[in-house]
Amino acid sequence: MERGLLWLPLLVMFFWLAWQGSKEYQKVEAYRTWAEQFERAKYDIYAVLGQKGNNLTWGKPTPQGPIKLETFSLLDVTQIQFLIDEKSVDVENPPDKGRSIELEFLFSKSTGSVRVPFTEIPLAAEWGKFLQRVLQDLRSQPQ
């Protein structure tokens, strides 16, 4: 009887882990379906981000699909900043560690900004470099 009571917490832990894995799988599958409409997309536990033409759409992943979706145009963006722990850093030379990793998009028509969170510094740096190149290309095109 005592052995059964000792194994019960392990059994409960196993089912809890299986349930969590199932939820994460549902999030990834919902993201995969959502991301098909974009030219470039990213998924992590904090946010999903998709780029189609000059428009960026981002939101929060859930098992039912992304929620709190926001879309904005790169034509309205004046600057893209790479933030680590609330401090702007060079996207070409990112630090190795950081707790809060975000790309901040500053807009020309308003004083507001959009911050898209990331879980990994290298992933955020690659997106930052790519989007800064796209922004420079947009500015260099004749109007």
Side-chain angles (χ1 to χ4, degrees), residues 4-143:
L5 292 175
L6 290 174
W7 285 100
L8 184 61
L10 289 175
L11 184 62
V12 169
M13 181 66 109
F14 173 77
F15 282 112
W16 181 79
L17 285 172
W19 179 69
Q20 291 290 31
S22 172
K23 278 182 54 177
E24 194 60 35
Y25 177 77
Q26 289 172 348
K27 280 185 191 178
V28 171
E29 285 301 305
Y31 159 76
R32 189 177 55 78
T33 302
W34 175 82
E36 289 173 354
Q37 62 186 317
F38 297 102
E39 298 163 8
R40 181 178 169 107
K42 80 103 179 168
Y43 168 87
D44 65 33
I45 60 173
Y46 293 137
V48 294
L49 176 66
Q51 182 237 346
K52 186 173 186 179
N54 296 333
N55 292 326
L56 291 177
T57 302
W58 76 283
K60 182 173 175 31
T62 68
Q64 293 76 32
I67 60 169
K68 297 182 183 176
L69 293 173
E70 294 182 33
T71 300
F72 59 91
S73 174
L74 284 173
L75 298 171
D76 298 332
V77 173
T78 58
Q79 186 179 7
I80 300 171
Q81 291 186 346
F82 183 36
L83 303 176
I84 305 284
D85 297 331
E86 302 291 325
K87 295 179 185 131
S88 183
V89 297
D90 182 19
V91 74
E92 297 294 333
N93 299 310
D96 294 332
K97 296 182 197 174
R99 290 179 183 251
S100 171
I101 306 155
E102 298 172 315
L103 284 181
E104 182 178 37
F105 299 88
L106 303 170
F107 298 103
S108 58
K109 295 181 182 172
S110 68
T111 58
S113 66
V114 169
R115 288 186 175 187
V116 179
F118 284 77
T119 54
E120 298 177 7
I121 291 175
L123 180 63
E126 287 302 314
W127 269 90
K129 289 178 201 175
F130 172 76
L131 292 173
Q132 285 178 352
R133 280 193 307 269
V134 170
L135 195 58
Q136 286 174 350
D137 291 345
L138 287 172
R139 288 182 182 156
S140 66
Q141 292 175 355
Q143 306 270 327

K.L.:
Can you tell me which residue pairs pass the side chain to side chain donor-acceptor pair (under 3.5 Å) test with a partner in residues 46-70, sequence neighbours excluded?
P.N.:
Thr57-Thr71
K.L.:
Starting at NZ of Lys87, measure out to CD of Gln81 and round the result to the nearest 0.5 Å.
P.N.:
14.0 Å
K.L.:
Sequence neighbours excluded, which residues qualify as ring pair (Phe, Tyr, Trp, His ring centres under 6.0 Å) partners of Phe72?
P.N.:
Phe105, Phe107
K.L.:
With sequence neighbours excluded, give me every side chain to side chain donor-acceptor pair (under 3.5 Å) pair touching residues 31-43.
P.N.:
Glu24-Tyr43, Glu29-Arg32, Lys42-Asp44
K.L.:
Minimum heavy-atom separation for Ile101 to Ala124, with atom names?
P.N.:
CG2-CB, 3.6 Å
K.L.:
Give me each pair satisfying side chain to side chain donor-acceptor pair (under 3.5 Å) with a member in residues 90-100, each pair once, sequence neighbours excluded.
P.N.:
Asp90-Asn93
K.L.:
What's the spacing between Leu17 CG and Ser22 OG if we round to 0.5 Å?
P.N.:
12.5 Å
K.L.:
I'd like to check Val116 versus Leu56 (side-chain heavy atoms, cut-off strictly below 4.5 Å). Are they in contact?
P.N.:
no
K.L.:
Quick one: pull up CG in Leu131 and CG in Leu74 and give me the separation to the nearest 0.5 Å.
P.N.:
6.0 Å
K.L.:
Could you name each residue pair satisfying ring-ring contact (aromatic ring centres under 6.0 Å, His included) that touches residues 7-28, not counting sequence neighbours?
P.N.:
none
K.L.:
What are the two closest non-hydrogen atoms of Phe38 and Gly50, and how far apart are they?
P.N.:
CD2-C, 3.6 Å
K.L.:
Quick one: CG on Leu75 to CZ on Arg139, what's the gap to the nearest 0.5 Å?
P.N.:
10.5 Å
K.L.:
Quick one: pull up CD1 in Ile80 and CG in Leu106 and give me the separation to the nearest 0.5 Å.
P.N.:
9.0 Å
K.L.:
Can you measure from CH2 (Trp127) to CG (Leu103) and round to the nearest 0.5 angstrom?
P.N.:
9.0 Å
K.L.:
Identify the two heavy atoms, one from Pro61 and one from Val48, that lie closest to each other, and give their separation to 0.1 Å.
P.N.:
CB-CG1, 3.9 Å
K.L.:
For Ala30, what residues pass the side chain to side chain contact (heavy atoms under 4.5 Å, CB included) criterion, not counting sequence neighbours?
P.N.:
none
K.L.:
According to salt bridge (Lys or Arg N to Asp or Glu O under 4.0 Å), does anything in residues 112-121 pair up with another residue at least two apart or in another chain? List the pairs.
P.N.:
Glu86-Arg115, Glu102-Arg115, Glu104-Arg115
K.L.:
What's the shortest heavy-atom distance between Val91 and Pro94, and which atoms?
P.N.:
O-CD, 3.6 Å
K.L.:
Only counting residues at least two apart or in another chain, list the ones meeting salt bridge (charged side-chain N to carboxylate O under 4.0 Å, His left out) with Lys129.
P.N.:
Glu126
